[in-house]
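Let me begin by presenting the structure, written as structure tokens, before commenting on it.
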Amino acid sequence: MKRLGIALFAAGIASFAHAADLPALPTTKAPEAEKSKPPCFSSLWNYLKSSVRDCPLSAGPLTLYGTLDGGFGYEQWGTHVGAYADKPNYAIQRNSGDTHWLWSPNGLSTSTVGIRLAQKIGDGWEIVGAAEAGFNPYSLRFVNGPQSQADNNPFATAFQRTAFDSARGGTWDNGQAFVGLSNPTYGTLTFGRTVLLSMQALSAYDPVASVGFSQLGFTALYGTFGASPTSRINTAFTYRLNYQGFRVAAQAQVGGYDQFNAATEQYQAQIGTDFYGFSFDAIVGYAKNALTFQSFGGAPTPIGFNPDDIVRATAANTGGVELLGRYEWDKFKFYAGYIYSLSVNPSNPNFPNGVGTVAPGITVPPGFVTTNAYTVPRNLNTVWTGLRYAVWSNLDLAAGVYWESQNDFLAAPAVCTGSGSATSNSRCAGGRYSFSFLAEYRPIPRMTLYAGVLQSNVYGGVASGFLHTENVAPTVGMRIRF
């Protein structure tokens, strides 16, 4: 009920241009256009041929919307999908140790279902909002990052299923839940569960924007400046404004862990512009006492706690800057981006009672919150580039190159030895790089057929403890929107 109260409390709206989570609102059309438009609900075929914009599932100010994304693929080195995970190991992960073909959900984007609110109240003002959940279309369970990790508590790395450090906590609003006010002159103010500004912006500047084919889309590590569970804030005020060719935004968290946030404080600011085919955005952010979560992975769990309901955690203060650019020329779009993130030890060095997670019912027991992981600060640099080509109006080809690099932040007197998966510590210098290709074909407006491949590699400290250091994951699939 606390989450429902937050969602219904005051001002919020879906983000403007870069908010890829929601389909665009329907526009008012002239009577002649309405007469010429086919009756989209007269048959399933007519409905599929219509667009989400032209034929929404609306009743008054409310619109039901959703995405269903499923596919099939191959993993050179992967593992089977966990029931509460949203995806396979499209990119190489520590527990990637099995070569197989498998059903591959959410390759293009996370499957979601939601309700959007848009109620005009006069003089250009509008009450708007949304409640949305992401789910695994094969297990039919809401995505729950901490639960996916807790499910692996009894198992050593080689016997685990997929599990991800995610802000989605298995609830009906694991995607977003907010309400608010919007005006084309004065901007948009939001309050509630909202995606981080730096996460929302990435999809517009990622050449292969997707979950299964992009290093940026596969993990929230980069867009959160180092702490994936902070990618959504349950109690966020967000303000956006377009003014004289510029867009600005600011975001601030109120409340902390008690509201199932992954940090005690979080702030972000954004500025961007478009001109002569160029688009640019710059975002800065800071999170205090940000938590990341890990499985016990076969290690003994504390007596008196249910192994199904606990995980370990690492706390840090994180921050960074995100610089994004895109250029459109004829049928081409060229992309480039850079993210710098810094992680240091948290402001709070003590968690005597443990701490909650972003998932109700999943906690971190006392003594299992690491607060000294960044005695030597971690510097994480991520760069990427790529292009997208519109072969036809309904067929796009995209390719991208992504590279991540971290410094050696292993505190003395320990020293780094070894290489690859035998590197002595995950805090040693190292990184990840990947190459991707994606083809998207839209035979009808609501359907996208896709095929692509992500080839990912880890090296140095990032590869420490991995079963393998490379994965090639080709996947084909279909996404339907309603």
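Heavy-atom basis, side chains included; hydrogens, waters and symmetry copies ignored.
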Checking side-chain polar atoms at under 3.5 Å, does [X] have a donor or acceptor matched by the opposite partner on [Y]?
X	Y	value
Thr79	Asp98	no
Asn95	Asn89	yes
Arg193	Asn234	yes
Thr371	Asn348	no
Asn261	Thr235	yes
Ser434	Gln215	yes
Tyr257	Gln259	no
Tyr450	Asp69	yes

(request) Start with the C-alpha distance between Asp151 and Gln160, add both sets of side-chain angles, then the distance that settles side chain to side chain contact (heavy atoms under 4.5 Å, CB included), and finish with yes or no. (result) CA-CA 9 Å; Asp151 288 347; Gln160 295 176 358; over 6 Å; no

Measuring from [X]:[atom1] to [Y]:[atom2], what's the distance to the nearest 0.5 Å?
X	Y	atom1	atom2	value
Asn174	Glu132	CG	CD	8.0 Å
Met447	Ile480	CE	CD1	4.5 Å
Arg378	Thr318	CZ	OG1	9.0 Å

(request) Give a yes or no answer on whether the side chain of Ser228 reaches the backbone of Leu221 with a donor-acceptor pair at less than 3.5 Å. (result) yes

Which atom pairs, donor and acceptor, lie under 3.5 Å between side-chain atoms of residues 454-463 and protein residues at least two apart or in another chain?
{"unit_1": "Gln455", "atom_1": "OE1", "unit_2": "Asn457", "atom_2": "ND2", "d": "3.2"}
{"unit_1": "Gln455", "atom_1": "NE2", "unit_2": "Asn457", "atom_2": "OD1", "d": "3.2"}
{"unit_1": "Gln455", "atom_1": "NE2", "unit_2": "Glu470", "atom_2": "OE2", "d": "2.6"}
{"unit_1": "Ser456", "atom_1": "OG", "unit_2": "Ile92", "atom_2": "N", "d": "2.8"}
{"unit_1": "Tyr459", "atom_1": "OH", "unit_2": "Trp403", "atom_2": "NE1", "d": "3.2"}

Can you check whether [X] reaches [Y] side chain to side chain, under 4.5 Å on heavy atoms?
X	Y	answer
Gln266	Lys288	no
Ser166	Ser148	no
His100	His80	yes
Leu467	Ser96	no
Leu380	Glu404	yes
Thr370	Asn372	yes
Phe482	Tyr47	yes
Leu68	Arg479	no

(request) Sort and list the pairs that fulfil disulfide (SG to SG under 2.5 Å) and have at least one residue in residues 431-469, not counting sequence neighbours. (result) none

(request) Answer yes or no: are there more than 12 heavy-atom neighbours, outside Tyr433 itself, under 6.0 Å from its atom OH? (result) no

(request) Any chance you could lay out the side-chain hydrogen bond (donor to acceptor under 3.5 Å, both in side chains) test for Thr171 and Asp173, step after step, and finish with the verdict? (result) CA-CA 5 Å; Thr171 58; Asp173 60 347; 2.7 Å; yes

(request) Name the orientation class of the two ring planes belonging to Tyr138 and Trp103 (parallel below 30°, tilted from 30 to 60°, perpendicular beyond 60°). (result) perpendicular

(message) Using the side chain to side chain contact (heavy atoms under 4.5 Å, CB included) criterion, which residues pair with Pro207? Sequence neighbours excluded.
(response) Tyr335, Trp384, Tyr402

(message) Holding to side chain to side chain contact (heavy atoms under 4.5 Å, CB included), I want the full list of residues that pass it with Asn153, two or more places apart in sequence or in another chain.
(response) Ala150, Ser295, Phe296, Ile310

Side-chain donor-acceptor contacts of residues 409-416 below 3.5 Å, not counting sequence neighbours, with atom names and distances?
none

Output side-chain donor-acceptor pairs under 3.5 Å for residues 356-365, partner residues at least two apart or in another chain, one line each.
{"unit_1": "Thr357", "atom_1": "OG1", "unit_2": "Ala359", "atom_2": "N", "d": "3.0"}
{"unit_1": "Thr357", "atom_1": "OG1", "unit_2": "Ala359", "atom_2": "O", "d": "3.1"}
{"unit_1": "Thr357", "atom_1": "OG1", "unit_2": "Ile362", "atom_2": "O", "d": "2.7"}

(request) Would you please test Thr99 and Tyr74 for side chain to side chain contact (heavy atoms under 4.5 Å, CB included) and show each step? (result) CA-CA 8 Å; Thr99 300; Tyr74 171 81; 3.1 Å; yes

(message) Quick one, Phe164 with Tyr84, criterion ring pair (Phe, Tyr, Trp, His ring centres under 6.0 Å). Give me CA distance, side-chain angles, the key distance, then yes/no.
(response) CA-CA 9 Å; Phe164 300 101; Tyr84 291 95; over 10 Å; no

(message) Test side chain to side chain contact (heavy atoms under 4.5 Å, CB included) on Gln270 and Gln251; report intermediate values, then the result.
(response) CA-CA 9 Å; Gln270 175 179 357; Gln251 193 170 60; over 6 Å; no

(message) Determine whether the aromatic ring centres of residues Phe178 and Phe237 are separated by less than 6.0 angstrom.
(response) no

Tell me, please, which residues at least two apart from [X] pass side-chain hydrogen bond (donor to acceptor under 3.5 Å, both in side chains).
X	value
Asn381	Tyr338
Arg161	none
Ser347	Asn317
Gln93	none

(request) For side-chain hydrogen bond (donor to acceptor under 3.5 Å, both in side chains), just list the numbers for Ser214 and Asp206, CA-CA rounded to whole Å, side-chain angles, deciding distance to a tenth of an Å, and then say yes or no. (result) CA-CA 8 Å; Ser214 164; Asp206 184 353; 2.5 Å; yes

(request) Give the C-alpha distance, both sets of side-chain angles, the deciding distance and a yes or no for side-chain hydrogen bond (donor to acceptor under 3.5 Å, both in side chains) between Asp281 and Tyr205. (result) CA-CA 9 Å; Asp281 274 277; Tyr205 292 95; 2.5 Å; yes

(request) Give the intermediate values and the outcome of ring pair (Phe, Tyr, Trp, His ring centres under 6.0 Å) for residues Phe142 and Phe135. (result) CA-CA 4 Å; Phe142 288 147; Phe135 63 95; 7.4 Å; no

(message) One pair to check against side chain to side chain contact (heavy atoms under 4.5 Å, CB included): Thr238 and Leu197. What are the steps and the verdict?
(response) CA-CA 9 Å; Thr238 305; Leu197 295 179; 4.0 Å; yes

Just list the side-chain donor-acceptor pairs under 3.5 Å for residues 437-445, sequence neighbours left out, or say none.
{"unit_1": "Glu440", "atom_1": "OE2", "unit_2": "Arg388", "atom_2": "NH1", "d": "3.1"}
{"unit_1": "Glu440", "atom_1": "OE2", "unit_2": "Arg388", "atom_2": "NH2", "d": "3.2"}
{"unit_1": "Arg442", "atom_1": "NH2", "unit_2": "Ser393", "atom_2": "O", "d": "3.1"}

(message) Test of understanding: with ring-ring contact (aromatic ring centres under 6.0 Å, His included), list the residues that count as partners of Tyr389, not counting sequence neighbours.
(response) Phe332

(message) Among Thr314, Leu291, Asn289, Val369, which residue satisfies the side-chain contact (heavy atoms from CB on, under 4.5 Å) criterion with Pro346?
(response) Asn289

